[in-house]
Amino acid sequence: MSKFRSLTENEMKEMSKYGFGKIPKVTDFAILSGISGNYLTKEEYDDLDRRREKDRYRWLLSSDICVYHSYVNDKGEVLEWGLSHSFPAAVDRKGNITYAICNEPGYGIRPVTVLNEDIAIGANIIDENIMENEKFLVLQYGEYIRDVVDEDLNYYLDKELDEGNIFKTSKEYYPYWRYYDEKESYFRKSTNKNFQEYLFNGKKFVVVRTNKNSLNIGNKLHDDRRIEPDKSYWLMVEPIQWTLYTDNNLMVADEVLLCGEDSRDCFGHSPYRPRYDFENSGNMKMDNYLNKVFAKDIIPSNSLYKKEFPRDRDSYKKLVKLLNN
């Protein structure tokens, strides 16, 4: 099975030479499952700056950033270093490397893996762009919960489910889900909430039901709808698109697919001894989650409609050739 992780800061800088997308699309599922931020127009984003409000949207890298609380003079010169905090490095909405803000809702994950023979067997090349000084392939591999359907189809699927006309597949998803715990008065993380996959007219769907404690109530989805409490949202299960950077054999998801760790309970330390602690929540670390849960969740369920997900023999030959070079 493939190993998944987050991108490193150095890898991102190296791949930027090839036009790496630092500002990825965020799937509706990632927003519903607790990621900070939402879809903003340029005007809405500029308005945050005018009101001096922080845009908390981030997607995480695997490295850390040390932030010092220092004393400066009116020229901005450091007079004295104070205590430091170490936060996970993250990329903001402008594509800048920054840090995850302590004690805020969750941050996005763009899974990363390397091409191997298992992936080559199940992947399709959908775009090949090999130019002078540029070398990458766009692949489809695996499938995951992505965006909401339109309002009319959402209503129709609710109705069909109530009437027993939608059938379950053999698959359930176990996302890294964040929710607000009223009893404890803070956000919790859970990998125990599961979502059943349904099959209707040859397409696969998952339904997410919000409640008053769901995160991001009022935030916008990709079609400008606001998330409402106590409502069902049907989302498509679709192939995941990856960009394979052939020089280092690295596959990066083109979208923010899911919600990840936050920087809760960061510990302050003297300079050069920063650290942070995610173990207090009792949930598994993100790399463990990606490899124990996500890696299984993206394996397509068996379907009577396999003709809709054909394997491309030529893609397999090209990818195996890359592996053997």
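- Glu160 is linked by a salt bridge (Lys or Arg N to Asp or Glu O under 4.0 Å) to nothing, counting only residues two or more places apart in sequence or in another chain.
- By the ring pair (Phe, Tyr, Trp, His ring centres under 6.0 Å) test, Phe20 pairs with no residue at all, sequence neighbours left out.
- By the ring pair (Phe, Tyr, Trp, His ring centres under 6.0 Å) test, Tyr233 is found to be paired with no residue, residues two or more places apart in sequence or in another chain being considered.
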*What do the steps show when you test Asp92 against Lys94 for salt bridge (charged side-chain N to carboxylate O under 4.0 Å, His left out), and what is the final call?*
CA-CA 5 Å; Asp92 66 17; Lys94 293 183 177 180; over 6 Å; no

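- For the pair Asn124 (side chain) and Ile126 (backbone), a donor-acceptor distance under 3.5 Å is absent.
- With sequence neighbours excluded, the residues satisfying salt bridge (Lys or Arg N to Asp or Glu O under 4.0 Å) with Lys13 are Glu9.
- Under the 3.5 Å distance criterion, with hydrogens and angles disregarded, no donor-acceptor pair is assigned to the side chains of Lys204 and Thr169.
- Residues passing the salt bridge (Lys or Arg N to Asp or Glu O under 4.0 Å) test with Glu163 are Lys159, sequence neighbours excluded.
- One side chain, Glu172 or Tyr174, offers a donor N or O that lies under 3.5 Å from an acceptor on the other.
- In this structure Glu11 satisfies the salt bridge (Lys or Arg N to Asp or Glu O under 4.0 Å) test together with Arg5, sequence neighbours excluded.
- Although no hydrogens or angles enter the test, the distance criterion places a donor-acceptor pair under 3.5 Å between the side chain of Arg110 and the main chain of Ala253.
- Within a 6.0 Å sphere centred on NZ of Lys22, heavy atoms belonging to other residues, nucleotides or ligands number 12 at most.
- A salt bridge between Lys25 and Asp147 is present, with a side-chain N of the basic residue lying under 4.0 Å from a carboxylate O of the acidic one.
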